[in-house]
K.L.:
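I am attaching a structure below and will ask some questions about it afterwards.
Both backbone and side-chain heavy atoms feed into the values below; hydrogens, waters and symmetry mates do not. Remember, predicted model here, so these are calculated numbers, not experimental data.
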Amino acid sequence: LTVLGEYQNNITKIQFVCNICHYTWVSTPKSVMKSCGCPNCQLSLLKRQNTKPIDDFVNDLHKINPNISVLGKYVNSKTKIEVSCDICRNTWVTIPNSILRAGKCPFCTNKRVLKGFNDLATTHPELCLEWDPSNEILPSEVVSGSVKKVSWIGSCGHNWVASVASRVKGSGCAVCANNTRKTKEQ
């Protein structure tokens, strides 16, 4: 690091040049001393730290989840990449750091809907018989564990609102349940 300007005090800006990358910038001596030198070299170092060889990324991912394959070109840890799941056969775009942290397919874990695989219409078709057609979404657009509340119509015609997850766990129409109890009591 070379000082190009004349030093006056710790807070008066002067010009600096990096002896490594030859980048020139203006800053206070105090700021340069705090930040450990050249901002351009620091940025380059940060970029290198966020990049690992493609083989390392693939190996790390395979250790976390051997069922996820890399389809896209790996650039660095923060540039989106296409991956696929060997179980559900679906592909999605994700940030490499995210898939290394989570390590799971969003479709197999019911975080995202894949029609014909994890949607309510596929996993619990019997509940679709009570799905209110006035709902803004279809049973094929929601997973069975969803906390989204939708409208249902019991076989008795009674309309009520409940989350998809609560229906999957066994909740149903209160009127139908009362009618069943009354019939059993008689």
Side-chain angles (χ1 to χ4, degrees), residues 42-181:
Q42 286 177 343
L43 186 61
S44 295
L45 177 64
L46 189 64
K47 285 180 181 176
R48 283 193 307 274
Q49 289 172 341
N50 284 333
T51 304
K52 59 170 68 184
I54 181 68
D55 293 339
D56 288 353
F57 170 69
V58 171
N59 288 336
D60 290 350
L61 182 58
H62 188 73
K63 288 175 193 169
I64 294 167
N65 189 337
N67 297 313
I68 296 178
S69 301
V70 178
L71 300 178
K73 182 181 178 212
Y74 176 80
V75 176
N76 61 40
S77 64
K78 295 183 179 179
T79 301
K80 291 183 177 183
I81 188 169
E82 187 176 19
V83 295
S84 71
C85 176
D86 298 336
I87 296 169
C88 69
R89 302 276 183 232
N90 200 37
T91 63
W92 71 99
V93 175
T94 186
I95 295 172
N97 271 355
S98 297
I99 193 68
L100 288 176
R101 246 187 340 270
K104 297 175 183 170
C105 170
F107 302 97
C108 292
T109 56
N110 289 331
K111 301 288 183 213
R112 287 174 56 186
V113 180
L114 178 58
K115 189 174 181 177
F117 177 72
N118 67 346
D119 61 287
L120 186 70
T122 302
T123 60
H124 295 84
E126 71 284 358
L127 291 179
C128 296
L129 300 173
E130 294 183 342
W131 187 270
D132 187 340
S134 69
N135 284 319
E136 292 181 8
I137 59 172
L138 298 171
S140 60
E141 299 171 335
V142 65
V143 294
S144 61
S146 174
V147 294
K148 180 156 184 72
K149 292 189 175 190
V150 294
S151 182
W152 304 89
I153 302 173
S155 57
C156 66
H158 175 249
N159 192 294
W160 81 101
V161 174
S163 73
V164 174
S166 69
R167 290 300 323 274
V168 169
K169 289 178 183 173
S171 75
C173 173
V175 174
C176 291
N178 281 338
N179 289 343
T180 303
R181 266 190 244 124

K.L.:
Look up atom CG in Asp119 and atom SG in Cys128, then write down how far apart they are to the nearest 0.5 Å.
P.N.:
8.0 Å

K.L.:
Where do Val150 and Asp132 land on the side chain to side chain contact (heavy atoms under 4.5 Å, CB included) test, with the steps shown first?
P.N.:
CA-CA 8 Å; Val150 294; Asp132 187 340; over 6 Å; no

K.L.:
Using the side-chain contact (heavy atoms from CB on, under 4.5 Å) definition, which of the options Asn59, Ile99, Leu100 pairs with Ile64?
P.N.:
Leu100

K.L.:
Only pairs under 3.5 Å count here: list side-chain donor-acceptor contacts from residues 164-173, not counting sequence neighbours, and write none if there are none.
P.N.:
residue: Ser166; atom: OG; partner: Ser163; partner atom: N; Å: 3.4
residue: Ser166; atom: OG; partner: Ser163; partner atom: O; Å: 2.8
residue: Ser166; atom: OG; partner: Ser163; partner atom: OG; Å: 3.2
residue: Ser166; atom: OG; partner: Ser171; partner atom: OG; Å: 3.4
residue: Arg167; atom: NE; partner: Ser171; partner atom: O; Å: 2.6
residue: Arg167; atom: NH1; partner: Glu130; partner atom: OE1; Å: 3.1
residue: Arg167; atom: NH2; partner: Glu130; partner atom: OE1; Å: 2.7
residue: Ser171; atom: OG; partner: Ser166; partner atom: O; Å: 3.0

K.L.:
Atom CG in Leu71, atom CH2 in Trp92: separation rounded to 0.5 Å?
P.N.:
9.0 Å

K.L.:
As an exercise, state the distance from CG of Asn90 to CG of Leu114, rounded to the nearest 0.5 Å.
P.N.:
4.5 Å

K.L.:
For Asn67, does its backbone N or O pair with a side-chain atom of Asn65 as donor and acceptor, under 3.5 Å?
P.N.:
yes

K.L.:
In a check of side-chain contact (heavy atoms from CB on, under 4.5 Å) between Phe57 and each of Asn76, Asn97, Ile81, which one passes?
P.N.:
Ile81

K.L.:
Apply side chain to side chain contact (heavy atoms under 4.5 Å, CB included) to Tyr74 and Asp55, showing your working.
P.N.:
CA-CA 9 Å; Tyr74 176 80; Asp55 293 339; over 6 Å; no

K.L.:
Mind jotting down which residue pairs meet the side chain to side chain donor-acceptor pair (under 3.5 Å) criterion with at least one end in residues 104-113? Sequence neighbours excluded, please.
P.N.:
Asn110-Asn118

K.L.:
Do Ser151 and Asn159 touch side chain to side chain, with heavy atoms closer than 4.5 Å?
P.N.:
yes

K.L.:
Where do Lys80 and Ile95 come nearest, in terms of heavy atoms and distance?
P.N.:
CG-CG1, 3.9 Å

K.L.:
What distance separates Asn135 CG from Lys148 NZ, expressed to the nearest 0.5 Å?
P.N.:
8.5 Å

K.L.:
Using 0.5 Å steps for rounding, measure from the CD atom of Glu82 to the OG atom of Ser69.
P.N.:
11.5 Å

K.L.:
Before giving the answer on side chain to side chain contact (heavy atoms under 4.5 Å, CB included), spell out for Val175 and Trp160 the whole-Å C-alpha distance, their side-chain angles and the decisive distance to 0.1 Å.
P.N.:
CA-CA 10 Å; Val175 174; Trp160 81 101; over 6 Å; no

K.L.:
Can you confirm whether Leu61 sits close enough to Pro96 that some side-chain heavy atom of one is under 4.5 Å from a side-chain heavy atom of the other?
P.N.:
no

K.L.:
Around atom NE2 of His124, are there more than 12 heavy atoms of other residues, nucleotides or ligands at under 6.0 Å?
P.N.:
yes

